[in-house]
Amino acid sequence: MKNTSLIGKLISHREWLLAGIIALMLVGVGSTAPFFISPGNLAEVFDDTAILIMLACAQMLVILTRCIDLSVASNIAFTGMCVALINVAYPDTPALVTLIMSIGIGGVLGAFNGILVWLVGIPSIVVTLGTMSIYRGFVFLLSGGEWVNAHEMTPQFLALPRATFLDLTVLSWIAIAVTIIMLVFTRFTKTGLSIFAVGGNPKAAVYSGLNVGKYQFITFCISGAVAGMCGYLWVSRYAVAYVEVAVAFELQVVAACVIGGISIAGGIGTIWGAALGAIFLGLINNALPVIGISPFWQLAISGLVIVLAVIINSRSEKRGGRRILREAHR
Amino acid sequence: MNRPVLELRNISKTFPGVKALDGVELQLYPGQVTALIGENGAGKSTLVKVLTGIYAPDGGDILIDDKPVTMQAATDAKRHGISAIHQEAVMFDELTVTENIFINNQSRNMFGLLDWKLMRTRAKTLLEYLDVNIDPDLPLRELSVAHKHLVSFAAALSINSNIVIMDEPTASLSHHEIQELYRLVRRLRDEGKAILFISHKFDEIFEICDRYTVFRDGQFVGAGEISDVTQDDLVAMMVGRTVNQIYPKIETEIGDTVMSVNGLSHPTEFDDIDFNLRKGEILGFYGLVGAGRSEVMQALFGLTRTSSGSMNLNDKPFKPRNPGDAIDQGLVYVPEDRQHQGTILTLPIFQNITLPQLGGLSRSGFIDMAREYDVARKYATRLQLKAASLSENVENLSGGNQQKVVIGKWLATNPNVIIVDEPTKGIDIGSKAAVHKFMGELVAQGLSVIMVSSELPEIMGMADRVIVMHEGRIVARFDRDDMTAEAIVTAATGAS
């Protein structure tokens, strides 16, 4: 039975629903605080959300394969500390090289998660719960608990994410580029398609000659690499590296995916959904203080939205029976 | 005779406790359809999995064009030009038709990216070749079972294979769709492909197959030309014994009506189900896979809601809101899928047996372990359960013994109606006989049994009456005296 009701149509086009809610929120907040929807402020909000968008897109790939990566925030802290210390030790390192190094370091951390999941066969939630603590512990070992502050970092190191181009920061442009690359990756590459397949029906994937574990490994590598890159961007944007950088941020990342309609059961989701979910959370975080809602309410509202999103998801994923009768009658 | 394109020699495959294939052989010739025949559990599906690289054989040789090959993964099968249409729908519901067809065989454009335009056109061509009107952009979940099947055909054909394996391709198809399928098989044969056709329906074997190979209990029994044998020859090879020997039907006194079902309907799964069940009776439900039998049983057990109809159990209206209700009123359901629905594999035997009646075995919320053990021991003895101890986890038992635990678990609740869904699916011959004997004893003690089975000999051997379902409706009823295999199968396939 096709959903013919308005609600049914809206839910089946979840990205549009989410985009509509985001637009409504902008209109609502804009009517009480017009400056909020000025292009300059929106660019700032986007800049503030850029890291969440990239992480949500990468996390989506992991979730599509029926896994989860809880170690991304620790990966950010570790990679961020690594590149900050390298910058202190070798101030001449060009920012672009730093960026590439951060992708590499993060990718290695992700690959370690992936190998434990693929070859050792440990459930991803256990693996990444463990590495979440391990990677965070490494930050302490590296830094001895010390902070790396802005004055120790070189101007080039700090400038990269803040530089602007066409009124948007480089950080924002990187997020846009990552989103577009992910869109192409999920839609137009064999690996992208296979990721959907192994999560949607692992058994059928084996019959089709797809190695489920290998694709899970690949998504962990991608998630790690993106997190590593975000580590550099985070540390340079906030101009400080310390042990507690991005603590508990993985929960926001997973929440963005859930809000964006990515099925925790695997196989269902779009990059648009993940990106919009992240933008939605970013907007809430930025808009609520503007309209004078206390930070405590912010947490509760974010939580409420996540629960609502899960309810909507589970409704729309509920499939009808096998439809044995030729003509269904009500 | 030309040379075989594929030859298997002395292939063996052992699973814990079961020798699934024991030195079997098989030859496939180009331009010929070879039937692989055998009872459930004869090793047909295991052979398909060996041929498609899902299972690695423990021993033996696979030769393609006289050259030995190894099959490590499904991609090897594809490389050697073998494609398979599996019995179970192993496809991706959330992906589109085109994506399903080309899941492991994509076309790319000059940038190395997937060329969906080209694949869509190729999908259309393939579907046209199959003479079916399916929108290649639809998600697979929106298609009917038969159309899903045809998409899996298209996927198999998208690989330019010389060897096509069809594992019970007609199991879920209607009469008309089966005729279409035959046409297709003949066309592939005429194009010179070697086809392995797995089936246990004799009419179709004699209709479209050129050769046969028979397996029994994982062993090779014989092979040859279809034109040289009769149906009786094949049956004799398949079973190696007569039906009466396997099914020791115990004659019982059949009493009054225990349960009646009137006009039971569901919006999408079944319609207008009417039947009575009498004391001491085994009522068989036969039908093809997907005919709606299990769905009806789940409704009787309170697992699914019905849209209309009424039920009576023991002269009282019976309207279970959940399985707990049904159990309290004396109706239990032994599901088909033991591993997922029947037992908790990681719990010991005794806890599995007592699970549905823990309330009665506890005092002020604490479980009385001694009584729990007593109950479990009683039913384990009655069922001749083979296990080192009752504290052993169910996952360590063989399939047949797991089935006994499931049955024991429900018997321990003292039901008067017991529904068994495919009671002997996937268990070895010895355990089958024990389950059948036990069912006979149950009805002799005054219980009533509803037995859902897709195995015709089991239905004919065990049931006092048979109800045949097709596409969610009851299409025929037979008494023990007037049931014939032909009539039952004809009704089940929807032919009139």
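These numbers come from a predicted model, not from an experiment. Residue numbers start from 1 in every chain, and the chains themselves are labelled A, B, ... in the order their sequence lines are given, proteins ahead of strands.
- At a heavy-atom separation below 4.5 angstrom, chain B is approached by L210(A) within residues 210-218 of chain A.
- L193(A) pairs with exactly one of F92(B), W116(B), F102(B) by the side-chain contact (heavy atoms from CB on, under 4.5 Å) rule, that one being W116(B).
- Interatomic distance, CZ of R187(A) versus CG of L114(B), reported as 8.5 Å (0.5 Å rounding).
- No side-chain heavy atom of D93(B) sits under 4.5 Å from any side-chain heavy atom of N201(A).
- K49(B) has its side chain within reach of Y207(A): a pair of non-hydrogen atoms, C-beta onward, lies under 4.5 Å apart.
- No more than 12 heavy atoms of other residues, nucleotides or ligands shown are found within 6.0 angstrom of CZ on F112(A).
- Surrounding CG of N322(B) are more than 12 heavy atoms belonging to other residues, nucleotides or ligands, all under 6.0 Å away.
- The greatest number of non-hydrogen atom pairs below 4.5 Å with chain A, out of K78(B), E99(B), R108(B), is found for E99(B).
- Within 6.0 Å of atom CG in L119(A), more than 12 heavy atoms from other residues, nucleotides or ligands are found, so the atom counts as buried in its surroundings.
- A204(A) approaches M91(B) most closely through the heavy-atom pair CB-N, 3.6 Å.
- What you find for I103(B) and K190(A) is that their closest heavy atoms are O-NZ, 4.5 Å.
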